[in-house]
2 protein chains.
Amino acid sequence: MANSLDDVIDAALRVLDKRGMEFFSMRRIAAELDVQPSALYHHVDNKQTLLTLMASRIVAPVVIDEDLTTVSHRLRAAMLGIRDGAEVVATATAFKLGSSTLEAEIARFSTPDIARTLLIYIIGHTQATQLHTQASALGLISQDSDLDASFERGLRIILGTTGANPNK
Amino acid sequence: MANSLDDVIDAALRVLDKRGMEFFSMRRIAAELDVQPSALYHHVDNKQTLLTLMASRIVAPVVIDEDLTTVSHRLRAAMLGIRDGAEVVATATAFKLGSSTLEAEIARFSTPDIARTLLIYIIGHTQATQLHTQASALGLISQDSDLDASFERGLRIILGTTGANPNK
DNA sequence: ACCTGAACACCGTTCAAGT
DNA sequence: ACCTGAACACCGTTCAAGT
């Protein structure tokens, strides 16, 4: 009974979360919707476009305000919330330098340079975290339990804040 | 007459530079070597392994010394030197947080946190630059001629250096 | 050690046609 | 507007066999 574009994005995010980027394909999304692969192209121009829509959806719930440390943690959490979420955001959204609304919104509370540097760091570190977590889940590398703390320390290098956090 | 692993890596880098990531395939590398696709698997376990070897090759000539600003520019230049070079390095090398030799070498001249943050930034910004350059070459977005300066300003945010450069 | 030939189980995308 | 069915031009990888 007639899927909408939103149904397609939902199904795509479900496939991603269940199988990961490695097995993320248009054909699996079609199967998830009980539809022929060609049907997807009525809603979306191509796979890349779909990935961009997914990235927007992942990032959309993140509230941007003046507390950039908290904003950074929110963004990280949003991407970590879905398997390979950071990779999707990395390849689709954030790397449209300048034309990203996220970058502009963060710049409102700091400077364009800080916004850009911060965004690159957040996405990059989170992507690394996700890859690392997967690899150690497969027993390929030893666990590095320090990743949350590592993220926080990098944040302080960029934002120039000290250890004392008045909001906590 | 019998290819070596090095021949395979060479051919792979040639294919990447000529066609880009989008058309980078084992089958094209095989064609570049005038060999059957299956022959590649005598030299390399799989495509991912080959990408890791390519990333090492891209980054290998970069000299690491105490002038981290210059080191950063060298790394950026090395990745920009080959089409989609930053993407290959991003997915293959750098994101082995901690287990990257590059990260350890940079840490010798600063701190582990600065090394990690810097590396994430350099690779991320360079990847963004390369995507941006390609997109604007295709007329998809407007030119942003500021990317070199943008890179430099982000560098200063992380390294905490001021405008004055005693080495220049 | 290095490679061929053939096969397997997949891809993204297009397009005419149906409802 | 939304979907089917069939096709096209590809993929990565395995494996027996050749030299």
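The sequence lines fix the lettering, A, B, ..., with proteins before strands; numbering per chain opens at 1.
Residues A:Arg27 and B:Pro37 each lie close to DNA chain D; by heavy-atom proximity, the contact nearer the 5' end of the strand is made by A:Arg27. Heavy-atom distances to DNA chain C give each of A:Ser25 and A:Ala39 a nearest nucleotide, and the one nearer the 5′ end belongs to A:Ser25.
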Is there a salt bridge (charged side-chain N to carboxylate O under 4.0 Å, His left out) between B:Arg153 and B:Asp146? Walk through the geometry before answering. CA-CA 11 Å; B:Arg153 294 193 302 270; B:Asp146 190 33; 3.0 Å; yes
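Of all nucleotides present, only D:dA1 satisfies the Watson-Crick or G-U wobble test against C:dT19, with each distance under 3.5 Å. Remark: C:dA6 base-pairs with D:dT14; criterion is Watson-Crick or G-U wobble with both hydrogen-bond distances under 3.5 Å.
Note on A:Glu32 versus A:Arg28: no salt bridge recorded, every NZ/NE/NH1/NH2 to OD/OE distance being 4.0 Å or above. Salt-bridge annotation for A:Asp6 and A:Arg57: present, with a side-chain N of the basic residue lying under 4.0 Å from a carboxylate O of the acidic one.
Contacts with DNA chain D (heavy atom under 4.0 Å) in residues 10-21 of chain B: none are found.
One P atom belongs to C:dA9, the other to D:dC10, and the distance between them is 22 Å to the nearest Å.
When the side-chain nitrogen and oxygen atoms of B:Asn3 are compared with OP1 and OP2 of C:dC3, one or more of them lie within a distance under 4.0 Å. Between A:His43 and D:dC3 there is a side-chain N or O to OP1 or OP2 distance below 4.0 Å.
Aromatic ring pairs are classed by plane angle as parallel below 30°, tilted from 30° to 60° and perpendicular above 60°; the pair B:Phe151 and B:Tyr121 is parallel.
Judged by atom type and distance alone, B:Ser38 reaches the base of C:dG5 through a side-chain donor-acceptor pair under 3.5 Å.
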